[in-house]
Amino acid sequence: MERTFLAIKPDGVQRKLVGEIIRRFETKGFTLVGLKFMNVSRELAEAHYDVHRERPFFGSLIQFITSGPVVAMVWEGDGVIASARKLIGATNPLNSEPGTIRGDFGVNTGRNLIHGSDAPETALHEISLWFKDEELVNWAPEIKAWLYE
Ligand code: UDP
Ligand code: MG
């Protein structure tokens with residue numbers, strides 16, 4: 001089954017949205033397989049956002065993501081990568097549809113609450129960047145027969 005990397009950013013943590021955000025992926029039907037609450041080193045932040053290194057917002061993005069704790073997670077399910085991106089919403093929360101996380105709780109691109117991997121290759125790369133293999137939990141939720149035909 002497919003896996004994706006999600007991280008509740010420091011604004012989501014500070015605004016006490018951790019439970020609300022996790023709830024959305026849980027109730028949708030995805031399975032949590034990795035979870036840690038952590039401060040992010042500059043090294044990890046720069047590796048994670050390496051594709052944006054040349055962009056004008058890179059400095060402020062690294063400053064922001066290292067400014068307070070984040071909730072790093074791995075979620076599993078059929079099509080979870082694309083579906084999580086839909087649940088998260090557009091990068092600029094002013095353009096995110098109501099009902100999405102960013103659409104419901106954000107007003108600014110630099111404070112858009114949550115990260116989600118954008119493709120299978122980036123998901124694999126980000127999961128290995130943030131989690132050791134032994135930190136991921138392989139388990140089969142009992143509810144599975146009621147989620148999948
Ligand atoms: N970002 C920003 N200003 C911008 C574009 C992006 O601060 O003009 C930040 C924002 O936090 C965004 C992250 O950089 O979530 C990564 O940008 P990307 O285009 O990959 O958006 P995402 O995949 O998070 O929707
Ligand atoms: Mg991105």
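Indexing begins at 1, ligand by ligand and atom by atom, following the structure's order.
Between the side chain of Arg111 and the main chain of Gly106, no donor-acceptor pair closer than 3.5 Å is present. The backbone N or O of Thr31 lies less than 3.5 Å from no partner atom in the side chain of Glu76, so there is not a single donor-acceptor pair.
Contact check for Arg85 versus Thr4: no side-chain heavy atoms found under the 4.5 Å cut-off. Val40 is listed as a side-chain neighbour of Trp130, based on a closest heavy-atom distance under 4.5 Å.
Residue Thr91 has at least one heavy-atom neighbour below 4.0 Å for each of these atoms of ligand 1: 12 (C), 21 (O), 22 (P), 25 (O).
Considering backbone and side-chain N/O of Arg85, one or more are found under 3.5 Å from N/O of ligand 1. Residue Lys9 has at least one N or O atom closer than 3.5 Å to an N or O atom of ligand 1.
The nearest heavy-atom contact from the protein to atom 4 (C) of ligand 1 is Phe57 CD2, 3.4 Å. In terms of protein heavy atoms, atom 12 (C) of ligand 1 is closest to Asn112 ND2, 3.6 Å. Looking only at protein heavy atoms, the nearest one to atom 17 (O) of ligand 1 is His52 NE2, 3.4 Å. Shortest contact from atom 7 (O) of ligand 1 to any protein heavy atom: Gly110 CA, 3.8 Å.
At least one heavy atom of Thr109 sits closer than 4.0 Å to an atom of ligand 1. Residue-ligand proximity: Arg102 is placed with a non-hydrogen atom under 4.0 Å from ligand 1.
When all heavy atoms of Met1 and Gly77 are compared, the closest pair comes out as SD-CA, 3.5 Å. Between Trp75 and Leu6, the shortest heavy-atom contact is CD1-CD1, 3.5 Å.
Using a 4.0 Å cut-off between heavy atoms, Leu61 contacts ligand 1 through its side chain alone, with no backbone atom that close. Counting heavy atoms under 4.0 Å from ligand 1, residue Arg55 does not touch it at all.
Residues Val137 and Met38 are members of one and the same hydrophobic cluster, defined by side-chain heavy-atom contacts under 4.5 angstrom among Ile, Leu, Val, Met, Phe, Trp and Tyr.
Relative to the six-membered ring of Phe64, Lys9 misses at least one condition, a distance below 6.0 Å or an angle of at most 45° to the axis.
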